[in-house]
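One structure below.
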Amino acid sequence: MSRIRARWWLLLLLVLVGGCRCGDDPNVGGASASFRPQVEVVDFGRVLEGTQVRRSLTLVATGRAGVTVDAVTDAPFFVVVSQIVVGGSGTGTVDILFSAGSTQVEGELVLTAGRTTAKVKLTGVGVRPLACIPQRECHDSRFDLDSGLCIESPQADGASCIPSSRCQENGRCQAGICVGQPRTCNDDNPCTVDSCSPTQGCVTANVACPVPSNPCKVGVCDRNSGCQEVDVADFSPCGAVSCKAARVCFSGTCRSVTPPDGFVCAPATPCQDEGKCSAGECMRPDAGDLESVFSAELGGMPVAEDGGPVLLVDDGTVYASVCGEDAGCWLAAYTESGLLRYESPYEDGGARTLLAASDAGVVVLAPEALEAYAPRGVGELRWRTSLAFADTALDGGTPEVVPGTTGAGRVALTKEGDVLTYVTWSDDAGTEPLRSRLVLLSADAGVPLAMGPEEDGGGAARLAVDDARGAYLYTPWDGRLAFTDQASADPVTDGGTLMAFGDALDDGGLASLSLEPLDASVPGGASSLALASGRLLVGTQAFVDTDGGVLTALDWDAGTRTLSPLAEPVLMSPGGATGHAFAFACDHTDGTPCEGAELRTVLRSFSSDDGQFLSEVDVLPSPVLPGAFHEAALLEQNTVGVLADAELPNGQRQAWLEWIAFGNKLNQCSLPGRVEVAGAVFAGDLLHVALRRDGVWWLESYPVGGRTESRGWPQRNGSPAGTRRAAP
């Protein structure tokens, strides 16, 4: 009996022992089944945004038994396989993905097997790459993940490229430089002038035929025979026109006639139909207000230095420099139809004065510097150049930091858009003596290309550029009229090869701008200079041939009254035969000043042949009210357009656009409302005005009723763009 019981207990013990499973492997008895991760943190490092990176985590079995591990995590981390089998006393691998955004993130990987749980920290940095655009031609730019910067490297020689100048084509890289073939712009039309602009490419303009001396002839270009003179339309005015007598053209000849009833004695304007003769009088319908083409709120006050342009117009864009009370100052650009192109804030928020505009940029005067802003896009700053040109060496030596000044009338643009400026400074904290020099800056970067010698004296001066010959400089303080041609005449200090006017030397030095005084001087003149067809109108005092020919004084002798010429605007007809200037007129002969309506502003026209005055017209809108003259320009058909205003008896002001020809005021149209005019510019068939109405500053445009003359020197700065360059 005892043996049977012993066997029974032995069998029960074996069953109990066999039924105990301490591990996951049924074939391995008495083994522990667990695991541990090999590291506590998985760092994915820096990863580009939008890409995935894989990392592997090793799991180590802590016993002889195998184990199945579940892996779970949250976005932006992911496990490739969520269940991993780790062999006994062996290892297993968890593959984890990191899908990168643009920020640093942390996550957690949770590993579970039975009653064992382990957690692993996951980290990664998503990096948004920079938009890497090559800053130099023939270079590639890539984003370097480690440094977070764009890295440039040169392209292989022979790689195709786009030259920076649109005057080159079929570019190929050579030693990191894009070298192209010259672009041919000749259209084989003798009636066009073909040229190439580095920023616009091929540019074509109609040939400007010489202006005939006969006012009843006009120069036109024929493709086969070139420029020739043809008759203007019969009844075109060739002199003063009234209903008593009129000078009109017949068959190419100017004749005096007695106008019959119905004869057009005054042309139509945008606010009034044409006038016609009736019983010897010019009868005109009542005039209304001008209707604006567009009106745009400026958001601030337009600013300009004394005598500087308030508005500029170039290639269909109107520019204004504007300051708001709390918003700082900015460059505003509008289309000629009134749409805002951009408002580009100045970096320091300070005021700037417009100087000139071209397809290369909008040049403004900043404190002790010139700046250029892009004419398109967002109007970004293209370059800033300090006016510290004292003791600058022609070999590119470092200048002493003596800030200079320049300004309206002392900046002109070459045909290529390079900036010619006359800079003045003082060596002793702004006190005398003053020093000056002429400097040429590149259109694309504002770096000095050429420089004139230092000169004694300084202050207001005037520049004018002749595309075919060079530039003229008038310095009123000493009456000098000087010229620098398109080929440097002086040797340079570093022995470099002389280049054409405006080009830097191959060895990095600066070309020398030689200023040669002409044999005609104009002492005591105003700060004024105009240029057209080989004639200069200097200081509102004299006509001078551009080769320094005989001086012809303007006839300002008014006899019984005092005339005080205004420095600007002065206007020159396309043929250079007629000059127009403005003056304050006072009828007092005892030396007492005129007051109120007694002080008038007159337009006087002069013959450039002998300086004699041809006509004189009071340009103020009302003969009995005081007023102010604002702007004028030559219009086609020998007409001068004038913007002036009058002070009304209640103290408010109203402005008028006037048309004057051959000594007669043909008509005038009022601008709507009571306005304060800050400045204006004539461009094409529009007058653009910056004005304040009811306390708000506006940019408004009005029809002129014809086109503004584009040749000669038709505006105070030569063109609506302020380039101070004469068009042929």
Side-chain angles (χ1 to χ4, degrees), residues 163 165-169 180-213 217-230 313-317 356-361 375 412-420 440 443-444 463-472 484-487 500-503 530-536 546-547 571-577 633-636 683-685 707-715 717-728:
S165 171
R166 297 186 67 178
C167 293
Q168 294 182 343
E169 57 187 357
Q181 301 298 318
R183 173 171 289 174
T184 300
C185 292
N186 187 3
D187 62 2
D188 294 324
N189 184 351
C191 290
T192 60
V193 178
D194 307 312
S195 61
C196 191
S197 163
T199 56
Q200 288 187 316
C202 290
V203 178
T204 298
N206 293 328
V207 165
C209 292
V211 178
S213 57
K217 298 284 188 179
V218 64
V220 297
C221 185
D222 180 79
R223 189 182 184 103
N224 296 319
S225 55
C227 284
Q228 54 187 332
E229 294 184 1
V230 299
V313 181
D314 182 63
D315 195 23
T317 302
S358 72
D359 60 353
L413 302 185
T414 68
K415 187 176 182 180
E416 295 74 24
D418 294 333
V419 181
L420 191 65
L440 186 75
D444 56 350
L463 282 166
V465 172
D466 183 334
D467 285 339
R469 302 190 65 189
Y472 295 87
T484 178
D485 61 18
Q486 293 201 4
F501 171 65
D503 290 339
L531 166 66
S533 301
R535 296 280 177 91
L536 291 159
T546 51
D547 60 1
L571 315 173
M572 288 276 284
S573 64
L634 289 177
L635 310 180
E636 293 179 336
D685 57 0
R707 291 198 62 81
T708 304
E709 181 62 70
S710 60
R711 301 174 300 163
W713 193 274
Q715 304 202 44
N717 287 294
S719 74
T723 56
R724 297 201 65 81
R725 193 170 71 238

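Here the CD atom belonging to Glu416 is positioned 10.5 Å from the OG atom belonging to Ser165, to the nearest 0.5 angstrom. Rounded to the nearest 0.5 angstrom, Leu634 CG and Leu571 CG are separated by 4.5 Å.
Closest of all the heavy-atom pairs between Gly219 and Cys209 is C-CB, 3.8 Å. Residue Arg725 comes nearest to Thr414 through the heavy atom pair NH1-O, 2.9 Å, listed as atom of the first residue, atom of the second, then distance. Residue Glu169 comes nearest to Arg183 through the heavy atom pair OE1-NE, 3.6 Å, listed as atom of the first residue, atom of the second, then distance. Closest non-hydrogen pair, Pro375 versus Gly361, comes out as CD-CA, 3.8 Å. The two residues Ser710 and Ala727 come nearest to each other via the heavy atoms O-CB, 3.1 Å. Contact detail for Trp713 and Ala530: the closest heavy-atom pair is CD1-CB, 3.4 Å.
Between the side chain of Arg535 and the main chain of Ala577, no donor-acceptor pair closer than 3.5 Å is present. Side-chain atoms of Thr708 come within 3.5 Å of backbone atoms of Gly684 as a donor-acceptor pair (strictly under, hydrogens ignored).
Residues satisfying the side chain to side chain contact (heavy atoms under 4.5 Å, CB included) criterion with Asp359, sequence neighbours excluded, are Ser197, Thr199, Gln200. Partners of Pro720 under the side chain to side chain contact (heavy atoms under 4.5 Å, CB included) rule, at least two apart in sequence or in another chain, are Val313, Val681, Ala683, Gln715.
Side-chain contact between Leu413 and Val419: present, with at least one pair of heavy atoms (C-beta onward) separated by less than 4.5 Å. Side-chain contact check for Arg223 versus Asn189: some heavy-atom pair is nearer than 4.5 Å.
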With side-chain contact (heavy atoms from CB on, under 4.5 Å) as the criterion, how do Val211 and Arg711 come out once you've worked through the C-alpha distance, each side chain's angles and the decisive distance to 0.1 Å? CA-CA 10 Å; Val211 178; Arg711 301 174 300 163; 4.0 Å; yes
Check against side-chain contact (heavy atoms from CB on, under 4.5 Å), Thr723 and Val465: CA-CA 9 Å; Thr723 56; Val465 172; over 6 Å; no
For side-chain hydrogen bond (donor to acceptor under 3.5 Å, both in side chains), just list the numbers for Asp194 and Thr192, CA-CA rounded to whole Å, side-chain angles, deciding distance to a tenth of an Å, and then say yes or no. CA-CA 6 Å; Asp194 307 312; Thr192 60; 3.2 Å; yes
Full working for side-chain contact (heavy atoms from CB on, under 4.5 Å) between Asn206 and Cys221: CA-CA 9 Å; Asn206 293 328; Cys221 185; over 6 Å; no
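The SG atoms of Cys185 and Cys196 do not sit under 2.5 Å apart.
When each of Asp547, Asp485, Thr546 is checked for a side chain to side chain donor-acceptor pair (under 3.5 Å) with Arg469, only Thr546 meets the rule.
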